[in-house]
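What follows is a single structure, written as structure tokens, with notes after it.
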Amino acid sequence: MSYQLPEKLLNLTPYAPLEGVASVRLDANESPFSPPEWLREEIANSVKSIDFNRYPDPYCVSLCEKAAAFWGVQPSMLVAGNGSDELISLILSWFTNPGECAVVVSPDFSMYAFYAQSCGVRVEVFPKQQGRLDVDALTDFVQKKDARLLILSNPCNPTSLQAGREEILHLVQALPDLLVVVDEAYMDFSDGSILSDVNRFDHLILLKTCSKSIGMAAIRLGFTISHPTLAIALKAAKSPYNVNAMTQTVGEVLFSHPNYLREQCQRILRCRDMLYQGILNLSKKTQEILQVFPTCTNYVYCEMQDAKRVFSALAERGIAVRCLGNCLRICTGTEAENRILLESLADILH
Ligand SMILES: *Cc1c(COP(=O)(O)O)cnc(C)c1O
């Protein structure tokens, strides 16, 4: 054996979202609700009529029309991807050159730096203060680093905090000569989207996903929303058949039911409120929870005295959450799942 793996691959390990089995999964920010029977039926029927011997539509025309109507934008502004993950990878590899600088903020979604690394981009990390983003300081930082690209999530995964609409617009306006990517994976749970302003800029890409509020992580479907000029560039750069026919048809069914999608989101938010209140109440009774961050998303982020201990104790009880440094990120489950989580937490922290 003489083949040597490239240096950048040597220290990589496969992504392991979850170790062991968990009966309550609050670790991946998914929706706790599976689609109802009537929707499954409609999905099954649409899958049944696929021309399986043919390649899918490379541009997801019909899907993009429906999704664009849902978000109130022009279909020409959308590009569909195999999850927003694929689109993040695509953007980083085509809108930067090896050795150039991309700026990420910290804490934020770890996949940005991961994909940047895979294409040889130099990543500079702008630290937030107490989870809060100082937009003017970030603007200075990006300019000093001579960055070609800035990517961040808003609301933020994992802090669940959100920078205001005006702040984000200010940031975009202040950085006209590099690509700004704003990942709004969780914006359906909040308000403050800059969706209605996207068309004013030729250097801004928004990211949306079906994995969170829409509750369809299994189908792997995400979108970029941008000025059509950027959308055309992205369509040219992507692999031709990146979204398979089953995902396209399921997506079409979903976006044909906008009211259902909005109701789902509200239903998740009601559960999230219960979770947040429960954790907040607990924090008043124990020194072990140092801080519960306000939440703009479907999860609750809290700083702990000893996050690892609590994480492991929850795991022993079959409850999966995310442990990030000395913080826990706990996604809402159903009411019943939240009750189990809260009772277990109370027990662990007594
Ligand atoms: C979950 C998540 C996504 C969604 O990724 P998909 O590949 O569409 O499932 C994107 N960005 C952030 C910040 C997320 O937390």
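Numbering of ligands and ligand atoms starts at 1, following listing order. Because only heavy atoms are used, hydrogens play no part in the values below, and waters and symmetry mates are left out as well, while side chains stay in.
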ask   = Taking any residue with a non-hydrogen atom under 4.0 angstrom from an atom of ligand 1, which ones do you get?
value = G83, S84, D85, F109, Y112, S153, N157, D183, A185, Y186, T209, S211, K212, R220
Do the side chain of [X] and the main chain of [Y] share a donor and acceptor less than 3.5 angstrom apart?
| X | Y | result |
| --- | --- | --- |
| S153 | N157 | yes |
| S49 | S46 | yes |
| K8 | L10 | no |

ask   = Is there a donor in the side chain of K235 and an acceptor in the side chain of Y59, or the other way round, less than 3.5 Å apart?
value = no
query = Can you tell me if N242 and E86 form a side-chain donor-acceptor pair at under 3.5 Å?
reply = yes
ask   = Taking atom CG of N281 as the centre, does the number of heavy atoms from other residues, nucleotides or ligands within less than 6.0 Å exceed 12?
value = yes
